[in-house]
Each structure stands twice: as structure tokens, then as C-alpha cells.
There are 2 protein chains.
Amino acid sequence: MFKKGNLLELKSCRTSKNRKAVLDILEKSKNPLTVDCIYNRLREKKETVSISTVYRIMEKLTSNNITSKSIIMDDKKARYELIRDDHKHYIICIKCNQMTPLENCPLGELEKSISMATGFNITGHKLELYGECSSCNK
Amino acid sequence: MFKKGNLLELKSCRTSKNRKAVLDILEKSKNPLTVDCIYNRLREKKETVSISTVYRIMEKLTSNNITSKSIIMDDKKARYELIRDDHKHYIICIKCNQMTPLENCPLGELEKSISMATGFNITGHKLELYGECSSCNK
DNA sequence: TTGGTTGCAAAACGTTTGCATGTGC
DNA sequence: GCACATGCAAACGTTTTGCAACCAA
């Protein structure tokens, strides 16, 4: 549990009630969240925010490397999650869209060899598995 | 080089001038293409197609497992590529968006163990690497 | 005080759809 | 002939933007 203000200051992002509230929601979530999901959770907390502000906050957080943005297959909404020390991959149910985190990332080694082979300066990667979760494949 | 008509028949897809032309473009491309890119290439060839037809063709091809659809980071346009015998992953330049195919897929083994661990019936996966290509990182 | 942040409404963008017409089989 | 494919325009859902008011530093 970190201080939201600190995280923002660390990245030289001005603090605000909205930004702290968004960080709080992200921190408590085990999965990446869509903008409208974040927006709804803010509303539930009786925070009155406009949806465009949520979009702007997510863009800011992402460009400051506080969050990461991703788009899963067959769903055009972007999803955001806090960048934590341990980066995560998910296995996603093609029926219910639930995202389950995987234990660890198998790509560290691979990146080195691919970097050599392609001449790319590799900055990141994205890995998602898709399938039917145990509830949906009965 | 396969016959476009055959591929469509094989998948019990009705053939048409437009569908064949789209398949021809996909076959000649080394990278996944966006709808508007396909649309423009059709226009260059003096084929008059409407953009909605291209969308419908891509949806049809994808639901018939002739093509696959994907969305890369920081670009909300979907990209399509022919499903060939060898399935591919790409390393994508974060500056110029160029997609370079990787040699092989390292995930076969991994899928099995994850399937065991999570109870998912795994149907597919998505792996993308991001970085600066050798032209852009000078 | 000053420049970043917000709300609102409108616009932009990629994509989908309804409907009438055309076409492969 | 009939089901499916197409063109056009309108609708859709997500995201972005212009502008005026607001607020953190």
C-alpha cells in the first residue's frame, strides 16, 4: 500500500482528488480495468467526474509510466492497470472475458535472443493467452 | 501460391470478385493489414469497393478461420492477416509501427503447463514484442 | 499567478447495421 | 430462385478535443 500522492509526485504529475481516486481504484483491482469501469466505480463512491476526465487521467498516467494500456481480442475498449514491480500476463476467457493473472513471465530469456537476431532495442512485450475458463467450458 | 477460389470453397465461403481481390492482397503482404489499407490497395487496383464491404469481408474471413484479427498497442485499428501453416508473432517498432515477423513460436510447451495450472481450455494466444527497430534507434 | 486539470458538449474515429439492389451457385 | 454479397448512408460506441472555469503549486 503506497501513498497515491507520492506516486504522482515521483512522476512529477500534479495531484488531484480525481487522480488519487483513480489510483486507489487501480491499486485495489487485480485486473486491468476499462475506462467506463473506472468511471462507474468513481460514481459509486459518489465522486462526480466526467468521463472525459477519466480518459485524460488514464492518458496521463500511461504516458508517465504509472499505468499500462492494453486492448484484448474481440473487445475494442482499452484496459488499464498499474505498472507494478512484477509485470503480469493474463489468460482471458473468450466467453466471459474474465482475465486471470498468470504466475510468471516466460519471456526474459527470449527477449535477449530476439534482440540479437532482429537488431531491435526491445522495450516491452505483450503476451495473452485465450481460452475457455473452467466455469465456461463445462 | 494457392488458388483463391479454392481456399474460399474449402471453407464453404461463396466466392466473389471482391473476396478474391482481398485474398490476393493479403497473400502478397508479409504483415497484417488494416481495413483502410486493404481498402486503399483495392482502390489502387481500380476495384471499386465500399469500405463496409471490406469490413464485412474481413469479418467473414476471420469467422471462417481464413484470416486472424489483431490490435496492436497504441493503435485502435484492427489488423488482419492470412492464417498460414506457420503461425506468426511480430516485433513491432514503437516509432514507425513496422511489424517484423519472428522466426518461431516459443509458446507450445508453455500452453500445456498453463492449461494444467489454470483449468483453462486454451484456444490461442497472442504474443507481441515492442521496441525500436534498427532504423529508428540510431 | 500561472499553468495544469476539469466539465460539458461536440466532434472524430473506427466499425457496424438497415435496407434496397445485385450476384454466385 | 434463393440465399448470400454489396453499396450507401446512417447509427453506433469509444475516445478525443475546444473552450471556459477551476484549482494545485
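Just so it is clear: chains get the letters A, B, ... in the order the sequence lines come, proteins before strands, and each one is counted from 1. All values below were derived from every heavy atom in this structure, side-chain atoms included, with hydrogens, water molecules and symmetry-related copies excluded. Nothing here was measured: the structure is a model prediction, and the numbers come from that model.
- Using modelled atom types, no side-chain atom of A/Arg41 and backbone atom of A/Ile25 make a donor-acceptor pair closer than 3.5 Å.
- Side-chain contact check for B/Asn31 and B/Ser29: no donor-acceptor pair (N or O, by modelled atom type) lies under 3.5 Å.
- Phosphate proximity of D/dT6 to B/Ser16: present, with a side-chain N or O under 4.0 Å from OP1 or OP2.
- Open room surrounds CD on A/Glu59; 12 or fewer heavy atoms of other groups in view lie less than 6.0 Å from it.
- Going from atom NZ of B/Lys60 over to atom P of D/dT6 covers 10 Å, rounded to whole Å.
- Under a 3.5 Å cut-off, the side chain of A/Arg19 and the backbone N or O of A/Arg14 do form a donor-acceptor pair.
- Residues A/Met58 and A/Tyr80 are in side-chain contact: their nearest non-hydrogen atoms beyond the backbone lie under 4.5 Å apart.
- At the phosphate of D/dT14, neither OP1 nor OP2 sits under 4.0 Å from any side-chain N or O atom of A/Lys76.
- For A/Met58 and D/dT16, the CE to C1' distance is 16 Å, given to the nearest whole Å.
- The neighbour count for B/Glu111 CD, taken as heavy atoms of other residues, nucleotides or ligands under 6.0 Å away, is above 12.
- A donor and an acceptor atom, one from each side chain of A/Tyr39 and A/Glu44, are nowhere located under 3.5 Å apart.
- Straight-line distance from the CG atom of B/Asp75 to the P atom of D/dT14: 18 Å, rounded to whole Å.
- Comment: A/Asp24 engages A/Lys28 in a salt bridge, judged by a side-chain N to carboxylate O separation of less than 4.0 angstrom.
- The closest side-chain heavy-atom distance from B/Lys88 to B/Leu102 is not below 4.5 Å.
- A heavy-atom distance below 4.0 Å to DNA chain D is reached by none of the residues of residues 32-39 of chain A.
- Taking atom CD1 on B/Ile72 and atom P on C/dG14, their separation rounds to 14 Å, with Å as the unit.
- Under the 4.5 Å side-chain heavy-atom criterion for grouping Ile, Leu, Val, Met, Phe, Trp and Tyr, B/Ile83 is not connected to B/Leu23 through any hydrophobic cluster.
- In the region residues 48-57 of chain B, proximity to DNA chain D at under 4.0 angstrom, judged on heavy atoms, holds for B/Thr48, B/Val49, B/Ser50, B/Ser52, B/Thr53, B/Arg56, B/Ile57.
- Neither side chain, A/His125 nor B/His89, offers a donor N or O lying under 3.5 Å from an acceptor on the other.
- Nearer to the 5' terminus of DNA chain C, by closest-nucleotide assignment, is the contact made by B/Tyr80 (compared with the other of B/Tyr80 and B/Lys17).
- Over its full length, the helix from C/dT1-D/dA25 to C/dC25-D/dG1 turns its helical axis through 40°, comparing axes from the five pairs at each end and rounding to 10°.
- A sub-4.0 Å separation between OP1 or OP2 of D/dA5 and a side-chain N or O of B/Asn18 is absent.
- For the pair A/Ile71 CD1 and D/dT15 C1', the computed distance is 10 Å after rounding to whole Å.
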